[in-house]
Novice: 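Below you will find the structure I want to go over with you.
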Amino acid sequence: MPKPEDFNLDHVANLARINLTEEEKARFASQLGDVLTYIAQLNEVNVEGVEPTAHAFPVVNVWAEDVPEAGLSVEDALRNAPEKRDNMFVVPKVVE
Amino acid sequence: MTYEAVIGLEVHVQLKTRSKMFTRAAAGYGHPENTLTDPVVLALPGTLPVMNKDALDKIIKAGLLLGCEIAPVCKWDRKNYFYPDSPKNYQISQYDQPICKGGSVEIELPGPARNIMGEHKSVALTRIHLEEDVGKLNHGDGASLVDFNRAGTPLMEIVSEPVIRSADEAFAYLTALKTVMIYGGISDCDMEKGQLRCDANISIRPVGQAALGTKVELKNLNSFSFVRDGIAHEIRRQTAVLESGGKIVQETRDYDGQTGTSQSLRSKEMAHDYRYFPDPDLMPVEVDQRWKDSIRATCPELPFDRQRRLQAEYGIPYTITSVLVPDRDLGDYFEEAARLSGKAQAAGNWITNDLLRELGAAKKSLSESKVKPVHVAGLVKLVEEGTILSNAAKEVFVDMFNTGDLPEAVVARRGLKAETNLEDLERWCAEAIAANPKSVADYKGGKESALNAFKGPVMRQAKGKADPKRVDETLRRLLAG
C-alpha cells in the first residue's frame, strides 16, 4: 500500500479535472493526509495467509436474465441536467 | 535498412444482447437520443449494477470458439476516469482477472489471386475481457452533447499479442474475428454501427532486432479498409521518421480515412492513471465445467473448419467455398441445396453466381429470397436429367427469383421443356443434310463452317429446344457416316 507521504494532490486534482487554489491545496493536502494516515493503520494488521477479496461474503454469480425492462423517458432522463439540447445532455466542449 | 512492423490490435466488440451489461434497460442502435437509459445507465445515486447472464454466456462462447482458457473465477474492477461519456466517472471492466485468457484466431492472408487460397496463420490472443460501453459525444458549437443510449452496452475487448506483421494481416485478422463472432451469434460486428471498433498498437524495428521499437497507438480506425490503410500509413510514417534520422515518439494518433493522414492526439497526453480497484457492487463470476459444457454444446463449427470440410466432403473448389463460408446463412443454404440435389458443385454454382447476382441487383438479403434451397436443388435436377437446357435454366432461375414458383412449375408455364426425343433429333438432322447437298460437299471438302447451314433448319424444327451441343454431335456423326 502506498504511504501517505506519496500522495500527490496535484496529480489527483488533475485526474479529477478540478483546479485548486494554493489555499485549497494546503487545506486538502492536510485533510487528505489525515485520512490516509488513519487508513494506513490497516497496514499494521497481519494478513498473512488471507486471500485478498473485495467482499465479505462468498457469494458468486449474481445476475439477471437478459430481458429488457422499461427505462426512463427522455424527459425523465434529462430532468436533472443543468443544460440540455436536442434531447441530449450539454457538457463543456470536449476536444477529441 | 529494412524494417519490420510489429502490430497488436485491441478490438472492441459489442455483444448482441437485448439489455445492457449491468441493468435491464434495452440495448440497441439507431434509437432517438437518450431513450435507452435508466437510473443505472445514468449513474443516479443509489443504483446498483446487476450482471446480464446472456452477456456472460456470449463471452464464454467467444472464448471457447477462439480456444481461450476460461477463468474459473473472474471479477469486476472500476476503471476510473473523468470524461462526459461515462456518467459514473468510472467504467466497470476487468483488470487483472479477465474471463478469457490466451487463445488464437486463424486467419487467411490474401492469396496470389482472388481464386487461390492464401496462406493460413494463427494470431495469438492475450486475453478477452468484458466491460460496459460508454455514451456517445456529439461535438457542437461551443459545447458537446451526450447521448447515453450506447452507455452500458456489453462490450468485449479482444487483445491480440503483438504478432501481426502487416496491414494485410491486420485486415485478415479482423475479417476472421468478425466471421467467428457472427457464426457464434455473439455480435453482428457492424463497424458502421460501432459494434466492432479497432485500435492498433504499431511499432517498427530493424529486421533481426529482438527488442521492440517505440509503439504508437492508432485510433479512429472505423472501417475494415481504414484499419488496413491506417496501419500501412503508420508503418510508412515511422519508416520515414527513422530513415531521416528521427525518433518515434510514444503517442496516440488519430487516423483520418478520408484524407489518409494521421495526427497526434495531444489532448490525450494526460497521464493514464485509471486507479483500478475491485468493484464492491459486483460479486465475482465463477464458471464451472457444467456451464462451459452447456455453452460448448451451442458452439458452431468454425468457419475455416467448415471451409475445409465443404471442400473435402463435397469436392467443391475454393472459389465457391470462399464465397459461401464467410456468410453462415449462405453456407447453411448451400449445404441444404447440396443435400437435396446431390450435386454440390452445380448447386454451389447456382448459388454463388445466379442467386448472389439476383440478390445484389434486387438489393435483397438471403432471408428475403423467394428462391429457397429446394428451388435450387430442383433446378439442378432438371438440368442434370436433361429436362431443360442450360439457357432455359437461366430463364427459369430468374423467373423463380421473381415468382417463388418451383422450377417444374416455371418450366411447364413457360414451355421450356427441352426436346429430348432423340429419334426426332436424328430425323431432323438427317432431313437437313438431305436437303442441302452443297453444304455436305463443302463440309466434306474441309469447310468446317458449312456445318452451321444444317443447324438452322434443325433448331427451327425443334422450336429452339434442342441442345446445340447434341445437334452438333449428331450432325457430325451423320456426316461422317
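Computed from heavy atoms alone, side chains included, the values below leave out hydrogens, waters and symmetry copies. First the proteins, then the strands, lettered A, B, ... as listed; each starts at 1.
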Novice: Would you check if V50(A) and E48(A) make a side-chain contact, meaning some heavy-atom pair closer than 4.5 Å?
Specialist: no
Novice: Considering only heavy atoms, give the residues of residues 77-88 of chain A separated from chain B by less than 4.5 Å, sorted numerically, with 'none' for an empty result.
Specialist: A77(A), L78(A), R85(A), D86(A), N87(A), M88(A)
Novice: For D147(B), give me all partners under salt bridge (Lys or Arg N to Asp or Glu O under 4.0 Å), at least two apart in sequence or on another chain.
Specialist: none
Novice: Count the heavy atoms belonging to other residues, nucleotides or ligands that lie under 6.0 Å from CG of D96(B), then report whether that count exceeds 12.
Specialist: yes
Novice: Between D141(B) and chain A, which part of the residue has a heavy atom less than 4.5 Å away: side chain, backbone, both or neither?
Specialist: backbone
Novice: Mind checking salt bridge (Lys or Arg N to Asp or Glu O under 4.0 Å) for E22(A) and listing every partner two or more places apart, or none if nothing turns up?
Specialist: K25(A)
Novice: Check whether K93(A) reaches the backbone of G140(B) with its side chain - one donor and one acceptor, N or O, closer than 3.5 Å.
Specialist: yes
Novice: Answer yes when K292(B) and D288(B) have at least one side-chain N-carboxylate O distance shorter than 4.0 Å, and no when they do not.
Specialist: no
Novice: Taking atom types as modelled, find out whether E10(B) and H12(B) have a side-chain donor-acceptor pair closer than 3.5 angstrom.
Specialist: no
Novice: Is there a donor-acceptor contact under 3.5 Å from the side chain of R253(B) to the main chain of S262(B)?
Specialist: yes
Novice: Quick one: which of P39(B), A26(B), P284(B), G142(B) has the most heavy-atom pairs under 4.5 Å with chain A, could you say?
Specialist: P284(B)
Novice: Of the backbone (N, CA, C, O) and the side chain (C-beta and beyond), which part of Y81(B) lies under 4.5 Å from a heavy atom of chain A, both, or neither?
Specialist: neither
Novice: Measure D279(B) against the heavy atoms of chain A and call it side chain, backbone, both or neither at under 4.5 Å.
Specialist: backbone
Novice: Would you mind checking which part of L56(B) comes under 4.5 Å of any heavy atom in chain A, side chain (CB onward), backbone (N, CA, C, O), both or neither?
Specialist: side chain
Novice: Which one of P49(B), P84(B), A25(B) has the most heavy-atom pairs closer than 4.5 Å to chain A?
Specialist: P84(B)
Novice: In residues 69-76 of chain A, which residues are in contact with chain B at a heavy-atom separation under 4.5 Å?
Specialist: E69(A), G71(A), L72(A), V74(A)
Novice: Applying side chain to side chain contact (heavy atoms under 4.5 Å, CB included), run through V216(B) and E234(B) and close with a yes or a no.
Specialist: CA-CA 9 Å; V216(B) 169; E234(B) 179 59 23; 3.5 Å; yes
Novice: Do C68(B) and I128(B) have side chains that get closer than 4.5 Å, going by heavy atoms?
Specialist: yes
Novice: Against chain A, work out which of A55(B), G135(B), P278(B), A143(B) has the most heavy-atom pairs shorter than 4.5 Å and name it.
Specialist: A143(B)
Novice: Given a strict heavy-atom distance threshold of 4.5 Å, which part of P32(B) is in contact with chain A: side chain, backbone, both, or neither?
Specialist: neither
Novice: Looking only at the aromatic ring of each residue, does the gap between the centers of F148(B) and F89(A) stay below 6.0 angstrom?
Specialist: yes
Novice: Cation-pi check for F82(B) against R17(A): NZ or CZ below 6.0 Å from the six-membered ring centre and within 45 degrees of the axis, yes or no?
Specialist: no
Novice: Between V40(B) and L48(B), is there a side-chain heavy-atom distance shorter than 4.5 Å?
Specialist: no
Novice: Relative to chain B, which of V59(A), V90(A), V67(A) shows the most heavy atom pairs under 4.5 Å?
Specialist: V59(A)
Novice: Could you check which of D54(B), D38(B), N52(B) has the highest count of heavy-atom pairs closer than 4.5 Å to chain A?
Specialist: N52(B)
Novice: Write down the atom of R24(B), the atom of E65(A), and the distance for their closest heavy-atom approach.
Specialist: CD-O, 3.3 Å
Novice: Given that the side chain runs from C-beta out, which part of W76(B) has a heavy atom under 4.5 Å from chain A: side chain, backbone, both or neither?
Specialist: neither
Novice: When you measure from the side chain of R150(B) to the backbone N and O of V134(B), does any donor-acceptor pair fall under 3.5 Å?
Specialist: yes
Novice: What orientation do Y95(B) and Y276(B) show, parallel under 30°, tilted 30 to 60°, or perpendicular over 60°?
Specialist: parallel
Novice: Who wins among A16(A), P52(A), P58(A) for the most heavy-atom pairs under 4.5 Å with chain B?
Specialist: A16(A)
Novice: Can you say whether L42(B) sits under 4.5 Å from chain A via the side chain, the backbone, both, or neither, judging by heavy atoms?
Specialist: side chain
